[in-house]
There are 2 protein chains.
Amino acid sequence: MTGMLYVIGLGPGDEGQVTPEAREAIAAASHFFGYKPYVARLDLRNDQIAVPSDNREELDRASAALTLAAEGKTVAVVSGGDPGIFAMASAVCEAIDEGPEAWKSVDLRVVPGITAMLALAAKIGAPLGGDFCTISLSDNLKPWETIEKRLRLAAEGEFAIAIYNPISKARPWQLGKAFNILREILPKEIPVIYGHSVGRENEKIDITTLGEAVAEDANMSTCLVVGSRFTRVIDRRDRPFLAYTLRHVREGQND
Amino acid sequence: MTGMLYVIGLGPGDEGQVTPEAREAIAAASHFFGYKPYVARLDLRNDQIAVPSDNREELDRASAALTLAAEGKTVAVVSGGDPGIFAMASAVCEAIDEGPEAWKSVDLRVVPGITAMLALAAKIGAPLGGDFCTISLSDNLKPWETIEKRLRLAAEGEFAIAIYNPISKARPWQLGKAFNILREILPKEIPVIYGHSVGRENEKIDITTLGEAVAEDANMSTCLVVGSRFTRVIDRRDRPFLAYTLRHVREGQND
């Protein structure tokens, strides 16, 4: 007997950004796996069981969820933001790929969510309004050389760059190094936007330039957008700054 | 007297993916601007006024909305997907930047939505599970040379690539050319995912390889994801194929 596995995106934190589809999936499931703070956001019924776990245990968590689902249960794995962006959906697929044949029969439903960069971009205007790259600075799962190469290529392509996992206690120097790499290629005037705890109570959005950007201003709850030569900042005086990336690219427009 | 301007993301089409925040904004506004098919998705009250317009009139539409908002009205501009991804938020910011001073006083609220690539990725697994680039193939607003350069750099960086606006009657050759450019750099085995009308009634997801991909299989309602060397496909036999991009990059793992 085969059950279901939902992999649900809860959005960045604002309950108004949790989709009805996600709410329905939460109502349907009996067991909930996920990183503690995400499971803590769920308002579960008495008959629903929370199985919170620590961060960086993605494959174990995915396997535990798939085991229960293969037994016929309706199981949920929850992620903040979107489960497909540096979150649980890839880990669940990897577990299915490498696990027992029975896991391939589980009815898998990934439920998308508002990912951090979209919530941050909306708060400040439209800094991802043109072509952009999305890069995680975590070198837990990939070599730093790969990250460095991708940052250089993204800058050479004049993409705006959304940065996830910029810094943590275990990874204190990566963001500073990333800024230095980008400064070698990009003009110092380019806007850099810090979104701290976007969609949560202590939300704070800061804007600076690549020349002035310092890693110490970011923390584990920060998502960043580094603009491009085509990103503009609007000083509205009686309202917060806006930042947006032009939809058009024309030669000479930035001289 | 200064009003409000909401720029609202309606998600790709599935009503279950419209956030409560978007519903609230729709309930609050009196006038609705947007490309016809998006405005048609709204279930407006008798006292709410729809102002649909053709595609490619973004700046005019933004200006008309800002004019009304500056007069004190509560106005909405609606986009499919997320308004910050190749949609109206950047056009509205550009209009504010270049328009009358009074437009800077309008209370602008961008409401994020599920953008097409997130909905598509969720349907097939997690092809955007690692670093990725998001590129519009429309050369209406930027030179084709810029797009070509960005495709090459994205391929060299082994990013997965989400492609928006792949093809239209006025732009028939760009996607085929893009596939050719990517084939010069990437292995032919790399998965290519076509999401047609994702989240809508006629939704269809196809998967092929870069070697076999043809532009004619895409249309104006298609969003694509070109995987990387780290994207895997799972044949589940009694269930649809899954595709996911590994969270980890290790040398030798793909040989």
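Lettering of chains follows the sequences in order, A, B, ..., and the numbering in each one begins at 1.
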*How far does CZ of B/Phe241 sit from CD1 of B/Ile234, to the nearest 0.5 angstrom?*
11.0 Å
*Select, from B/Thr134, B/Asp235, B/Ile135, B/Leu108, the one with the greatest count of heavy-atom pairs under 4.5 Å involving chain A.*
B/Thr134
*Listed by residue number, which members of residues 7-15 of chain A have a heavy atom under 4.5 Å from any heavy atom of chain B?*
A/Asp14, A/Glu15
_Looking only at heavy atoms and a cut-off of under 4.5 Å, which of A/Cys133, A/Cys93, A/Pro240, A/Pro127 has the most pairs with chain B?_
A/Cys93
*Heavy-atom pair of closest approach, residues A/Ala25 and A/Val111*: CB-CG2, 4.3 Å
*Atom group of A/Asp238 that falls short of 4.5 Å from chain B, counting heavy atoms*: side chain
*Using a cut-off of under 4.5 Å on heavy-atom pairs, state which of A/Gly157, A/Ala126, A/Pro112, A/Gly129 scores highest against chain B.*
A/Pro112
*Quick one: list whatever passes side-chain contact (heavy atoms from CB on, under 4.5 Å) with A/Glu101, sequence neighbours left out.*
A/Lys104, B/Arg237
*Distance in Å, A/Ile161 CD1 paired with A/Leu186 CG, rounded so as to fall on 0.5 Å steps*: 6.5 Å
_Between B/Glu94 and B/Ser90 (side chain of the first, backbone of the second, donor and acceptor by atom type, cut-off under 3.5 Å), is there such a pair?_
no
*Sort out for me which of A/Ala119, A/Ala122, A/Ala89, A/Gly84 touches chain B most, counting heavy-atom pairs under 4.5 Å.*
A/Ala122
*For B/Arg171, does its backbone N or O pair with a side-chain atom of B/Ser168 as donor and acceptor, under 3.5 Å?*
yes
*Which residue out of A/Thr19, A/Val110, A/Asp131 racks up the most heavy-atom pairs below 4.5 Å with chain B?*
A/Asp131
*For A/Ala160, is it the side chain, the backbone, both, or neither that has a heavy atom closer than 4.5 Å to a heavy atom of chain B?*
neither
*Measure distances from A/Leu242 to the heavy atoms of chain B and classify the residue's part below 4.5 Å as side chain, backbone, both or neither.*
side chain
*asked:* Tell me the closest heavy-atom pair linking B/Leu175 and B/Pro166, and the distance in Å.
replied: CB-O, 3.5 Å
*Give, as side chain, backbone, both or neither, the part of B/Arg247 having an atom under 4.5 angstrom from any heavy atom of chain A.*
both
*Would you say the side-chain atoms of A/Tyr6 pair up with the backbone N or O of A/Thr74, donor to acceptor, closer than 3.5 Å?*
no
*Between B/Asn140, B/Asp107, B/Thr115, which shows the greatest number of heavy-atom pairs under 4.5 Å with chain A?*
B/Asp107
_Out of A/Arg239, A/Glu21, A/Arg236, A/Lys142, return the one with the most heavy atom pairs under 4.5 angstrom to chain B._
A/Arg239
*Considering only heavy atoms, which portion of B/Asp82 lies under 4.5 Å from any heavy atom of chain A: side chain, backbone, both, or neither?*
side chain
_Contacts of type side-chain contact (heavy atoms from CB on, under 4.5 Å), residue B/Glu158, not counting sequence neighbours_ = A/Arg150, B/Arg229, B/Phe230
*For A/Thr146, is it the side chain, the backbone, both, or neither that has a heavy atom closer than 4.5 Å to a heavy atom of chain B?*
side chain
*asked:* Under the criterion side chain to side chain contact (heavy atoms under 4.5 Å, CB included), I'd like the reasoning laid out for B/Arg152 against B/Lys149: C-alpha separation, chi angles, the key distance, then a yes or no.
replied: CA-CA 5 Å; B/Arg152 285 185 198 283; B/Lys149 179 184 173 189; 5.9 Å; no
_Counting only heavy atoms not in B/Glu24 (residues, nucleotides, ligands), do more than 12 fall under 6.0 Å from its CD?_
no
*Among B/Pro143, B/Ser105, B/Ala22, B/Pro83, which has the most heavy-atom pairs under 4.5 Å with chain A?*
B/Ser105
*asked:* Using a 3.5 Å distance criterion without hydrogens, assess whether the side chain of B/Ser136 forms a donor-acceptor pair with backbone atoms of B/Asn165.
replied: no
_Under the rule for side-chain contact (heavy atoms from CB on, under 4.5 Å), what residues qualify as partners of A/Ala95, not counting sequence neighbours?_
A/Leu59, A/Ala62, A/Ser63, A/Leu66, A/Trp103
*Contact winner vs chain B - A/Ala121, A/Ala87, A/Gly130, heavy-atom pairs under 4.5 Å*: A/Gly130
